[in-house]
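We count ligands from 1, going down the list as the structure has it; atoms in each ligand are counted the same way. All values reported here derive from a predicted model rather than from experimental measurement. Start at 1 with the first residue, then count along the sequence.
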Amino acid sequence: MSDDCLFCKIINGVIPADIVDQNDTALAFRDINPQAATHILIIPKAHIASTRDLNDGNIHCLSEMAVMANKIADSEGISESGYRWVINTGNDGGQTVHHLHLHLLGGRQLQWPPG
Ligand code: AMP
Ligand code: ZN
């Protein structure tokens with residue numbers, strides 16, 4: 001938990017969010033500024049600032065997030081049509097919220113390469 005972290009505040013219910021799924025390790029909620037018909041953020045409940053802070057002691061949260069993302073892709077109906085996972089890291093990566101999050105994007109044809 002980090003006092004000034006937006007996503008920690010969502011985890012603690014201080015800031016409302018449209019929660020899609022959660023368990024002891026991970027939480028999923030709809031992005032407030034969706035870039036596709038399905039745009040859901042999956043985050044660890046522990047405050048991990050970015051991929052740079054993943055290590056042997058906390059890496060299990062990433063597999064929990066991946067399994068949750070797969071479950072949500074099924075419930076959103078995008079498993080067959082396809083989707084994209086995105087994790088932005090640091091300034092050049094476009095990270096604006098410094099609590100690790102996996103973007104699950106789908107429901108339209110996504111372009112490549114990203115901007
Ligand atoms: P990133 O640029 O990878 O750090 O992504 C941060 C994401 O968080 C952006 O897609 C924002 O739209 C999203 N976001 C910011 N504030 C909120 C919020 N209060 N609830 C849901 N999503 C948010
Ligand atoms: Zn946090």
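Residues that satisfy the side chain to side chain contact (heavy atoms under 4.5 Å, CB included) test with His98, not counting sequence neighbours, are Gln95. Residues passing the side chain to side chain contact (heavy atoms under 4.5 Å, CB included) test with Ser63: none are found, sequence neighbours excluded.
Using a 4.0 Å cut-off between charged nitrogen and carboxylate oxygen, Lys45 and Glu64 do not count as a salt-bridge pair.
Judged by distance alone, the side chain of Arg108 and the main-chain N or O of Gln35 form a donor-acceptor pair under 3.5 Å. No side-chain donor-acceptor contact under 3.5 Å links Asp74 to the backbone of Lys71.
Among protein residues, Leu6, Phe7, Ile10, Phe29, Arg30, Asp31, Ile32, Asn33, Leu41, Asn88, Gly94, Gln95, Thr96, Val97, His101, His103 come within 4.0 Å of ligand 1, judged on heavy atoms.
If you look at the Zn ion (ligand 2), the protein N, O or S atoms less than 2.8 Å from it are Cys5 SG, Cys8 SG, His47 ND1, His99 ND1.
Within 6.0 Å of CG in Asn55 there are more than 12 heavy atoms belonging to other residues, nucleotides or ligands.
Aromatic ring orientation, Phe29 versus Phe7: perpendicular (interplanar angle above 60°, classes split at 30° and 60°).
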Derivation and outcome, side chain to side chain contact (heavy atoms under 4.5 Å, CB included), residues Leu62 and Ile87: CA-CA 11 Å; Leu62 200 55; Ile87 301 179; 4.2 Å; yes

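For an aromatic pair to be called close, the ring centres must be under 6.0 Å apart, and His101 with His103 satisfies this.
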